[in-house]
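Here's the structure we're looking at; comments come further down.
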2 protein chains.
Amino acid sequence: MPQPHEILFRTLADPTRRAIFERLCRDGDQTVVALTARAGVSQPAVSKHLGVLKQAGLVRDRHEGRNTHYSAELGALAPLIDWTNQMTGFWKSRFDDLEDLLKRMDQ
Amino acid sequence: MPQPHEILFRTLADPTRRAIFERLCRDGDQTVVALTARAGVSQPAVSKHLGVLKQAGLVRDRHEGRNTHYSAELGALAPLIDWTNQMTGFWKSRFDDLEDLLKRMDQ
DNA sequence: GCGATCGATAACTCATTGGCTATTGATGAA
DNA sequence: TTCATCAATAGCCAATGAGTTATCGATCGC
């Protein structure tokens with residue numbers, strides 16, 4: 001399977017899609033109409049974005065009569081956090097290596 | 001000005017570009033030829049990616065004779081970390097609000 | 001000085017994708 | 001039952017952008 005952060009970066013790169021996700025994080029559960037009202041794009045566009053977000057595991061949907069409620073799935077952000085930690089961690093490793101080297105030279 | 005995380009998501013969405021950045025994080029300073037050797041794409045493509053990364057503040061370049069060395073600028077990742085913290089933070093806020101509400105109902 | 005290498009730019013192609021309108025299936029209200 | 005609303009799908013279009021080859025200025029080694 002592809003690295004878990006791959007799909008997250010790709011999914012969150014689009015501003016409209018990210019705005020929808022942010023809205024769900026800020027305000028919780030939302031129906032498609034509610035989201036469409038503020039998205040600045042058509043309802044089908046919103047539905048498509050929600051489909052992509054769902055595919056990435058970033059949202060869940062819950063059917064209630066003829067309404068569909070979407071909500072953010074914050075746990076799905078974990079690979080993103082892991083990735084940044086790893087990137088900054090690599091630097092620390094190299095720094096530690098340098099420290100070790102200097103220590104060894106000192107002896 | 002555009003939100004600082006906007007350009008980061010857009011820049012890091014491309015796998016080839018992200019791989020170049022990861023390589024710089026892992027192994028530090030690299031010339032364009034060295035990066036091209038492992039990138040799986042042509043040298044002009046690598047140069048273009050480095051230009052985009054530089055525009056986003058994610059890398060710095062250092063000229064040394066006819067070689068150009070690039071290095072990762074980890075501080076540029078801060079807005080990404082802030083963004084994820086904010087998203088998860090929103091959830092906590094809503095949870096706190098709910099707690100407050102329940103408390104008030106309890107009285 | 002001369003040929004070779006480094007890295008950036010130009011010009012182009014092609015696939016991807018985000019947007020739209022139209023439509024349809026499903027549910028709720030009258 | 002009938003009409004309206006919700007949300008997803010289909011089909012299309014235009015813009016974006018990642019890749020290519022060709023080239024060019026600059027620097028190094030001989």
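Every chain is numbered from 1 and lettered A, B, ... according to where its sequence line falls, protein lines coming before strand lines.
- Between A:Phe21 and B:Trp83, the two ring planes are tilted [angle within 30° to 60°].
- When the P atom of D:dT16 is taken as reference, atom CZ of B:Arg10 falls 11 Å away, rounded to whole Å.
- Residue B:Ser42 has a polar side-chain atom (N or O) positioned under 4.0 Å from OP1 or OP2 of D:dT20.
- Straight-line distance from the CD atom of B:Gln55 to the P atom of D:dA18: 14 Å, rounded to whole Å.
- Under the 3.5 Å distance criterion, the side-chain polar atoms of A:Thr88 are matched with a main-chain donor or acceptor of A:Asn85.
- When the side-chain nitrogen and oxygen atoms of A:Tyr70 are compared with OP1 and OP2 of D:dA8, one or more of them lie within a distance under 4.0 Å.
- Residue B:His63 has no polar side-chain atom (N or O) positioned under 4.0 Å from OP1 or OP2 of C:dG7.
- B:Leu24 has its side chain out of reach of B:Leu58: every pair of non-hydrogen atoms, C-beta onward, lies at least 4.5 Å apart.
- Counting non-hydrogen atoms of other residues, nucleotides and ligands closer than 6.0 Å to CZ of A:Arg60 gives a total of 12 or fewer.
- Distances shown here put every side-chain N or O of A:His69 at or beyond 4.0 Å from the OP1 or OP2 atom of D:dA7.
- Atom C1' of nucleotide D:dA7 and atom CD of A:Gln30 are separated by 15 Å, given to the nearest angstrom.
- Rounded to whole angstrom, the span from the CD atom of B:Glu64 across to the C1' atom of C:dG7 amounts to 15 Å.
- Near-neighbour residues of DNA chain D inside residues 13-21 of chain B, defined by a heavy atom below 4.0 Å, number-ordered: B:Asp14, B:Thr16, B:Arg17.
- Both A:His49 and B:Arg66 lie near DNA chain C, and the one whose nearest nucleotide falls closer to the 5' end is B:Arg66.
- For D:dG19, its base sits under 3.5 Å from the side chain of B:Lys48 at one donor and acceptor pair at least.
- Nucleic acid contact for B:Ala45: base, since at least one base atom lies under 4.0 Å from a heavy atom of the residue.
- In this structure, the CG atom of A:Asp61 is 7 Å from the P atom of D:dA8, given to the nearest Å.
- Ion pair A:Lys54/A:Glu73 not flagged as a salt bridge, since none of the NZ, NE, NH1 or NH2 atoms sits closer than 4.0 Å to an Asp/Glu carboxylate oxygen.
- B:Arg62 places its CZ atom 16 Å from the P atom of C:dC6, with the value rounded to the nearest Å.
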B:His63 vs B:Thr68, side chain to side chain donor-acceptor pair (under 3.5 Å): CA-CA, chis, key distance, verdict: CA-CA 5 Å; B:His63 298 280; B:Thr68 307; 3.3 Å; yes
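- As a whole-Å value, the separation of B:Leu50 CG from C:dC6 P is 15 Å.
- Distance, B:Asn67 CG to D:dT27 P: 12 Å, rounded to whole Å.
- The nucleotide whose nearest atom lies closest to any side-chain atom of A:Gln43 is, among D:dC6, D:dA8, C:dG7, D:dA8.
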Salt bridge (charged side-chain N to carboxylate O under 4.0 Å, His left out) between B:Arg62 and B:Asp29, worked out: CA-CA 9 Å; B:Arg62 189 182 92 243; B:Asp29 247 36; 2.3 Å; yes
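- Across all strands shown, A:Thr36 has no heavy atoms under 4.0 Å from either base or sugar-phosphate atoms.
- Comparing atom distances between the A:Pro44 side chain and each of D:dA8, C:dG7, D:dA22 picks out D:dA8 as nearest.
- With contacts defined as side-chain heavy-atom distances shorter than 4.5 Å, the pair A:Asp82/A:His5 does not qualify.
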